[in-house]
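Contents: one structure, followed by commentary.
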4 protein chains.
Amino acid sequence: MVAGPCAVESFEVLDEIAGKIRAAGANILRGGAFKPRTSPYSFQGLGEKGLQILREVGDRHGLPVVTEVMDPRQIPLVERYADMFQIGARNMQNFDLLKEVGQSRKPVLLKRGMSATVRDMLMSAEYILSEGNPNVVLCERGVRSFEDSTRNMLDLSAVPNVKAQSHLPIIVDPSHATGRPDLIPSMACAAVAAGADGVHIEVHSCPEKALSDGPQALLPHQYAAVMEQIRRLADVMGKTIPSV
Amino acid sequence: MVAGPCAVESFEVLDEIAGKIRAAGANILRGGAFKPRTSPYSFQGLGEKGLQILREVGDRHGLPVVTEVMDPRQIPLVERYADMFQIGARNMQNFDLLKEVGQSRKPVLLKRGMSATVRDMLMSAEYILSEGNPNVVLCERGVRSFEDSTRNMLDLSAVPNVKAQSHLPIIVDPSHATGRPDLIPSMACAAVAAGADGVHIEVHSCPEKALSDGPQALLPHQYAAVMEQIRRLADVMGKTIPSV
Amino acid sequence: MVAGPCAVESFEVLDEIAGKIRAAGANILRGGAFKPRTSPYSFQGLGEKGLQILREVGDRHGLPVVTEVMDPRQIPLVERYADMFQIGARNMQNFDLLKEVGQSRKPVLLKRGMSATVRDMLMSAEYILSEGNPNVVLCERGVRSFEDSTRNMLDLSAVPNVKAQSHLPIIVDPSHATGRPDLIPSMACAAVAAGADGVHIEVHSCPEKALSDGPQALLPHQYAAVMEQIRRLADVMGKTIPSV
Amino acid sequence: MVAGPCAVESFEVLDEIAGKIRAAGANILRGGAFKPRTSPYSFQGLGEKGLQILREVGDRHGLPVVTEVMDPRQIPLVERYADMFQIGARNMQNFDLLKEVGQSRKPVLLKRGMSATVRDMLMSAEYILSEGNPNVVLCERGVRSFEDSTRNMLDLSAVPNVKAQSHLPIIVDPSHATGRPDLIPSMACAAVAAGADGVHIEVHSCPEKALSDGPQALLPHQYAAVMEQIRRLADVMGKTIPSV
């Protein structure tokens, strides 16, 4: 259960969010320090300062941390602070980056590309695995489509589809998939029922002030409510959510 | 819970399937008598003979029946035999057909077009509603996409998306959406967790001999297993499956 | 070279447009009397009154006329007034309608469905051909995609793709494909260079007052300019535009 | 007019191809030394050896050379050998790579991502421009779609769409867009008619022995025939193809 803000913005904001998502049952804290933004004129992340904050807040709350790495040259830096690398959708076929995190032994959260087939995603995982790093977690986060009332189209069939072809765990990110807080709870539940091994949700204590992707974040109390529902469904599925 | 074969093929085959899906808990029997096939050289359905079989089998098992209508001129005939009209994906924007079933008072199962947005689907429902027929049930059945390992891409976010804008019930058809029996159970469960009001699954006692869409049908015992899972999930969701 | 307004609105408007497109070199007049609109609350066309106007204006200017038929029951009526049936994108897989125009001997303009593959389109043509009507003209008019700055995505590769598999002529409609007057001239030229047998363009003398799809129509003088360019390209391609 | 094989395979093969495309009128030689392949088990390119061959062959024939760079750490090496950087579709949003080629003054050929909107592509160009490198050439190479008879769907409307918003030149790659040699000539002509500033075509003297993407390459004599057609169209468009 990965949760946290889109971007690390300040110690205070992240600390508040971390306390609340941990109380709700999240077991990994996310937060971007290097942000892949469509426009070069958008907020690009705090860089190393963001990594420091993420590490410190994670430690204070006993939460391991995951953050995106966009450039092979950032890997040593990110590895120093984070417990898990995230490869974003835009870099799913950045093969040199994949090979480089494959040289590490830290786990990698590999997000599906915006128009990647399931086979493409598994082949990208293979770039990491074949370098010797077996710790890959896939993430379905929606693909581009003609539907214009959601940010992307969540392809939950990717979950059993991956499980039919691979031993790799797969989690689901309904935040980027829908871009709509009103649809996230249902899609988080559906992900669990589809057999997902985890759910990745963006949470912010003040979405309207967020520096990136605020409008799609859940408030902490909304996240807690979703976690309640997920717990009940996981129970029926014979699964348990480990606490940190 | 709608189940049955893609096409009505014979009394014997349908009777066997109907007995088994009813035992598993289905409460509506489906079966096509007029089949919209991509090629004019494929099996086109039994026509009125198929409707007669469907009615007779439905009555024997106490199951109401739903079947597709493709042409406004078929409506009086179909209305004589069926309890519910189905408007297929290819006809979601066949507006004269929509207006005509809007003149009836029998319920209409309106399937989402292959590249219809959620708004398009709601507008098509409006063609029926505005003629005076309030009994419309929407059906998400997957949309066309670049993913080539499934027949279509199931858009489960359409379920809460519809519920946020309309009072109409919406069910999900994982059979046409995935085209793969191995993915149907997970997607049926995910649909229920997403808040769907029902699930539409193709079942055939001998898929390899089916005259249409056999490869995507579940066997009766697979359907019974899915219904078991759905029942447990529905329970957690505070819903019950009415028996016929 | 098919041109004209989206919908027939009045004798005066259509008469003015027809005079201008004929002068520019168009050889078929289009105009909708039965309009397939996403919403039932949008203008639905003038019906038979529209057909009468279309016929009268066509005759006055010596232009054969093409208009959409949406319902098999409208065929005798439409056949009385029009020289060519149009089957719209939303009805490309309305198989009963296809079979019915296949019973006629008037030519049929069959538009590609919004998410139809080239093979789907050829199979739909087969529904008409197999009923005995050999006069089918295909029309590429764009398909749905994620690109949000154009109405649809024009797939010009469908032109040589069709020609590699079929003897049927294929024309291109850049108006519905792009929805943007500023892109139509380039796409009309590209269509000719791709080998299209014709171009279908919406023209209106007062787009801002049009009752349907006004914003995508060219003004008559813009159409004349496009025709000039097309003529020069057709010349290089060894083709000529027949005059009426 | 960019032409050449997908990958640099050997001096002999490239030398033969270069001589023929130059004779046909190409003015830039392409060839991949670092290949972004979906699977890590496919041929990955010759690396620096490939760059050396490309440079040597380019010099022998008086053709400037363009080759893909996939990793910011490869830039100094690639810059030593190539006249122009290519950023491939998979790296269109590899923002660190974009910024890094933005630090160079060598021109950059930026290919559209597989599901990038036109706006996304322009924003990616902005990452290069805002670092101070004004020499960006965009390349439309098709996007992912549901159509399964072509490799991608060529979006030629991107050409006038870009020209309506930007001063940047844009060329078209019908090879990757269609993946079918029989469609490439028509699409190359259509690109020119749409207003493209150039055409990028893969050419191989022995496609069936090519180590990458052979089936979509044109034979040299086919390329020469396409160039003939392009020249006639360019003439009508008031454009000339500069010779090297």
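The chains referred to below are lettered A, B, ... by the order of the sequence lines, with proteins before strands, and numbering in each begins at 1.
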Checklist entry - Checking heavy atoms, do the side chain of R180(B), its backbone, both or neither come under 4.5 Å from chain A? => result side chain

Checklist outcome for this item: One option among D155(B), D120(B), D148(B) has the most heavy-atom pairs under 4.5 Å with chain A, and it is D155(B)

Checklist entry - Should P160(B) and M187(A) count as side-chain neighbours, where that means a heavy-atom distance under 4.5 Å? => result yes

Next on the checklist: Quick check for you: to the nearest 0.5 Å, what is the distance between Q229(B) atom CD and M237(A) atom CE?
Outcome noted: 7.0 Å

Checklist entry - Looking at R119(A) and E147(B), does any basic side-chain N land under 4.0 Å from a carboxylate oxygen? => result no

Item to check | chain B contact via V143(A) - which portion, at a heavy-atom distance below 4.5 Å | outcome: side chain

Checklist outcome for this item: The interface call for A116(A) against chain B, heavy-atom contacts under 4.5 Å, is backbone

Checklist entry - Between G142(A), A191(A), G195(A), S186(A), which residue shows the highest count of heavy-atom pairs closer than 4.5 Å to chain B? => result S186(A)

Item to check | Closest non-hydrogen atom pair between R112(B) and F146(A), with its separation | outcome: NH2-CE1, 4.3 Å

Checklist outcome for this item: When every non-hydrogen atom of A193(B) is compared with those of C189(A), the smallest separation belongs to CB-O, 3.6 Å

Checklist entry - By a 4.5 Å heavy-atom criterion (distance strictly below it), what part of L156(B) contacts chain A: side chain, backbone, both, or neither? => result both

Checklist entry - Just checking, is any N or O donor in the side chain of T150(B) or N161(A) under 3.5 Å from an acceptor N or O on the other one? => result no

Checklist entry - How many angstroms lie between OG in S157(A) and CE in M153(B), if you round to the nearest 0.5 Å? => result 6.0 Å

Item to check | Options V159(A), L154(A), L183(A), D182(A), ranked by heavy-atom pairs under 4.5 Å with chain B, top entry | outcome: L183(A)

Checklist entry - What is the minimum heavy-atom distance between V236(B) and L233(A), and which atoms define it? => result CG1-N, 4.3 Å

